[in-house]
Number of protein chains: 2
Amino acid sequence: METAESYSKKGYEQLSVTVDLVIFTVIDNELKVLLIKRGQEPFIDFWALPGGFVRINESLEEAALRELKEETGIQKVYLEQLYTFGNPKRDPRGRVVTISYFALVDSTKIKPVVTGEEQIKDVMWFSINKLPKLGFDHEDIVKYALKRLCYKLEYTAIGFGLLPEFFTLTDIQELYEIILNEKLDKRNFRKKILSMNLLETTKKYRKGQHRPALLYKFKKIKPTHTFKKIRFES
Amino acid sequence: METAESYSKKGYEQLSVTVDLVIFTVIDNELKVLLIKRGQEPFIDFWALPGGFVRINESLEEAALRELKEETGIQKVYLEQLYTFGNPKRDPRGRVVTISYFALVDSTKIKPVVTGEEQIKDVMWFSINKLPKLGFDHEDIVKYALKRLCYKLEYTAIGFGLLPEFFTLTDIQELYEIILNEKLDKRNFRKKILSMNLLETTKKYRKGQHRPALLYKFKKIKPTHTFKKIRFES
DNA sequence: ACAAAAGTGTTCCTAATACACCCATGA
DNA sequence: TCATGGGTGTATTAGGAACACTTTTGT
């Protein structure tokens, strides 16, 4: 095992470390990812994931949260470390290892920051089905993140991170249908979601043109039991 | 988003990047982890996970495989990236981000290399239940790895990485019982394992004091179906 | 009164679990 | 012949999936 000292003595370079974020939201009934158009080489004019270098005194998660806040203005979100990509060729500028994170944000809280910084030309939400060509290995990262999102949706309550404070059961179901890209059975879905014991009813209703829908919110307390599988095939 | 250039201009230091390995095996009916006694500061005389710095031209997985080979002499193993730990305080020498991997090795193939390198005093397999105090945040890493191992054992065929070429069904069951630390029902276990379609019978038997046991081996081809859950409670 | 979304139970089927005895061998 | 680990089948239960109608509201 080498030590930091012997490592330096041998003259190995240190590496650059970045975090990259796959930030998901649902807008207009589509699952979207936030991308930034690159204003300089490499991959100038390509779209890429938001991200940046990890600073010397911040943890990886702090770096990810900092980037997230810079790009979306949002602070409190579901954030999870995904995977670390370290192919030596993944960044033409040199050796850059990136720790990828995925985040779920409630679209009603987003205020996309189109900043005035010179190197940023544009920030945009792209439907997961209509992604442009991405720079670096970011397409791999997005694919990996989507896989993880779908997977976790099936057996955890992760999807709730995409919802506002109050929501109807139909809202959640539509969210799941959008992400999983399949139709779900209403009765089975409701049974499962409610059996998780994560939700509580409110006294409020959402009024529309038709029968008002009862609004739910998350329980503050922990759920009473974990569930085996959340799958709602029909 | 910062670029490598602006990053350098601002004078941020680059970071050290290591890989650390949680290498599991089963010896004497116990789940063991390979540890190395540190020969220098920091954490001199503490035990720690094998690992080392990632070199400038190797991928993360290559670095992990290189370390694995150095410590165990083994090359072909199950290896999976676990998690990346990057707390700024985790290494007193400076900022070191570590990508942890976990590996499963067949104990019959191990030849623990007690090297002559000056900084390595000792290499040893420790029972997971009797770990010494570990340096750095390696205890967290081991715990994380164990959790992942148990978890994956329940729904994948990962455990086979710990077995030799030929084995009996009882061998596998004992392996699972050791790792999961619970007794399993023989008939249910066999039903599940065989239903995975991962194994094929051989013509060989293991002779012992009692009725000879049929030896199995892995199929070369892919399994025909994935299974829901591997749980064998009695 | 009608259009549209909200809301609600039961049956079926598959998969997980619990459980006990006979078999083949070496000593 | 006996001690020991190898090997096998069935009944029960729980959870996932399929499925259709009534309710409530606004227009």
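Each chain gets a letter, A, B and so on, in the order the sequences are listed, and its residues count up from 1. Computed from a predicted structure; not experimentally measured.
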By nearest heavy atom, map Pro212(B) and Tyr216(A) onto DNA chain C; which one lands nearer the 5' end? Tyr216(A)
Asn188(B) side chain: which of dT25(C), dG9(D), dA3(C) is closest? dG9(D)
Using a heavy-atom distance cut-off of less than 4.0 Å, which residues of residues 200-208 of chain A contact DNA chain C? none
What residues, two or more places apart in sequence or in another chain, satisfy side-chain hydrogen bond (donor to acceptor under 3.5 Å, both in side chains) together with Thr98(B)? Thr18(B), Asp20(B)
Kindly point out which of dG6(D), dA5(C), dT8(C) is positioned nearest to the side chain of His210(A)? dA5(C)
Rounded to the Å, how far apart are Glu177(B) CD and dG5(D) P? 13 Å
Report the distance from atom CD of Gln209(B) to atom C1' of dG5(D), rounded to the nearest whole Å. 10 Å
Cationic tip of Lys133(B) within the cone over Phe46(B)'s six-membered ring, i.e. under 6.0 Å and within 45° of the normal? no
When rounded to whole Å, the CG to C1' distance for the pair Asp185(A) and dG7(C) reads 13 Å
Minimum-distance nucleotide (side-chain atoms of Lys191(A) versus dA3(C), dG7(D), dA18(D)): dA18(D)
Closest to the Arg211(A) side chain: dG7(C), dT4(D), dA16(C)? dG7(C)
Nucleotide dA17(D), atom P - distance to CD of Glu182(A) in whole Å: 10 Å
Report the distance from atom CG of Leu194(B) to atom C1' of dT8(D), rounded to the nearest whole Å. 11 Å
When you measure from the side chain of Lys192(B), which nucleotide among dA16(C), dC19(D), dA3(D) comes out closest? dA16(C)
Are there more than 12 heavy atoms of other residues, nucleotides or ligands under 6.0 Å from atom CD of Glu139(A)? no
May I ask you to say what Thr170(B) touches in the nucleic acid, namely base, sugar-phosphate or nothing, with a heavy-atom cut-off under 4.0 Å? sugar-phosphate
Decide, yes or no, whether a salt bridge links Lys109(B) with Asp106(B) under the criterion of side-chain N to carboxylate O below 4.0 Å. yes
Let me know the distance between CE of Met196(B) and P of dA16(C), rounded to the nearest Å. 10 Å
Give a yes-or-no answer on whether the side chains of Glu174(A) and Tyr176(A) include a donor-acceptor pair shorter than 3.5 Å. no
When you check the gap from the basic side-chain N to the acidic O, do Arg66(A) and Glu70(A) get nearer than 4.0 Å? yes
Does the base of dA17(D) carry an N or O that pairs as donor and acceptor with the side chain of Arg187(A) under 3.5 Å? no
note: Leu214(B), atom CG; dG6(D), atom C1'; distance rounded to Å ~ 10 Å
Parallel under 30°, tilted from 30 to 60°, perpendicular over 60°: which one fits the rings of Tyr144(A) and Tyr83(A)? tilted
When the distance from CD of Glu154(A) to P of dG15(D) is rounded to whole Å, what number comes out? 18 Å
